[in-house]
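Counting starts at 1 for both ligands and their atoms, in listed order. Only heavy atoms go into these numbers, but all of them, side chains included; no hydrogens, no water, no symmetry mates.
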Amino acid sequence: MSAGEKDGALVCQTCPQRCRLAPGALGACRARRNDGGVIVAKSYGRVTSLALDPVEKKPLARWRPGTYVLSVGSYGCNLACPFCQNFEISQAGEKDVPWREVTPDELVALALAARRRDPRVIGIAHTYNEPLVGWEYVRDCSELAHAAGLASALVSNGCFEPAVLDTLEGLIDAANIDLKGFSDAFYATCGGAPRSLACARDTIERLAADPRCHLEVTTLVVPGMNDGEAEMEELAGWLAGLDGGRGRETLTHHVTRFFPRWRLTDRGPTPVADVYRLADVSRRYLDHVFVGNC
Ligand code: SF4
């Protein structure tokens, strides 16, 4: 997924940032690099975070409740949301954060060992940083997980080109995709490219129509940034129209509370009443709406 230029630079086509990478250069996500004329995921197998989590914590509220997933994360992200709750790893590169190599075989072995100890462990979740900046690891782990009878889940901002989703076709059993707001301006404040929202929408639309993948969507409500009722109306109404018009019944929407973090510490947490109010707006369109962090 790259296009070459005369000076040896390559344009990464993994996401709408379309980074132009001179030989040896890292992309904006800090995970992909032009290595000798090929763009490679330098973050491949470099694990910064590994934990057993209840699926509800992803959050996945309506997919195999009461079970656990081995959650794995690396470093890097193709956005830079000023309120990122995981900025220590999402905004880090290979020299900024400790990591250890865990091959896909090793990761699946760890998940199987966890399942032997506790049968409620059902699989692996790719989460914490933005997993799809290193989509090759997600693909390879998911293939092995399925072969071993394990499930594969994904937590992502969804701002990726369709070719990335093509590589994961049939490999993701459950996904929680962020829909951070419903305007290009909001995605721009999150460090997005002009097509980031469009790509997130395409990802959500595609997964919503895929019967092999259970889909949930999360919107973090940030005071003064995306807490208007009109924006939530538009967003939830769009979700309701997905899945052939069955989105109201099939989609799950998490409306969650912001806490000051990283570069956005000039305001307090979202008032709980605002989270509930906006969840009620979403409920005008969707049957399955959950509040989070309240
Ligand atoms: S995946 Fe990374 S390197 Fe590729 S375009 Fe996106 S931010 Fe740039």
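Judged as a salt bridge (Lys or Arg N to Asp or Glu O under 4.0 Å), the pairs with a partner in residues 62-90 (not counting sequence neighbours) are, in order, Glu88-Arg261.
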Can you give me every donor-acceptor pair (side chain of residues 105-116, partner residue at least two apart or in another chain, under 3.5 Å) with its distance?
from	atom 1	to	atom 2	distance (Å)
Glu106	OE1	Thr103	N	2.9
Glu106	OE1	Thr103	OG1	3.4
Arg115	NH1	Gly149	O	3.3

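With hydrogens and angles disregarded, a donor-acceptor distance shorter than 3.5 Å links the side chain of Asn34 to the backbone of Gly37. Panel note: side chain Arg46, backbone Lys42; a donor-acceptor pair is recorded below 3.5 Å.
Between Asp166 and Arg206 a salt bridge is recorded (basic side-chain N to carboxylate O distance below 4.0 Å).
Taking the side-chain contact (heavy atoms from CB on, under 4.5 Å) definition, one finds that Ser71 meets it with Asp53, Lys58, Val69, Ala125, Thr127, Tyr128, sequence neighbours left out.
With waters neither drawn nor counted, the protein N/O/S atoms under 2.8 Å from atom 4 (Fe) of ligand 1 amount to 1.
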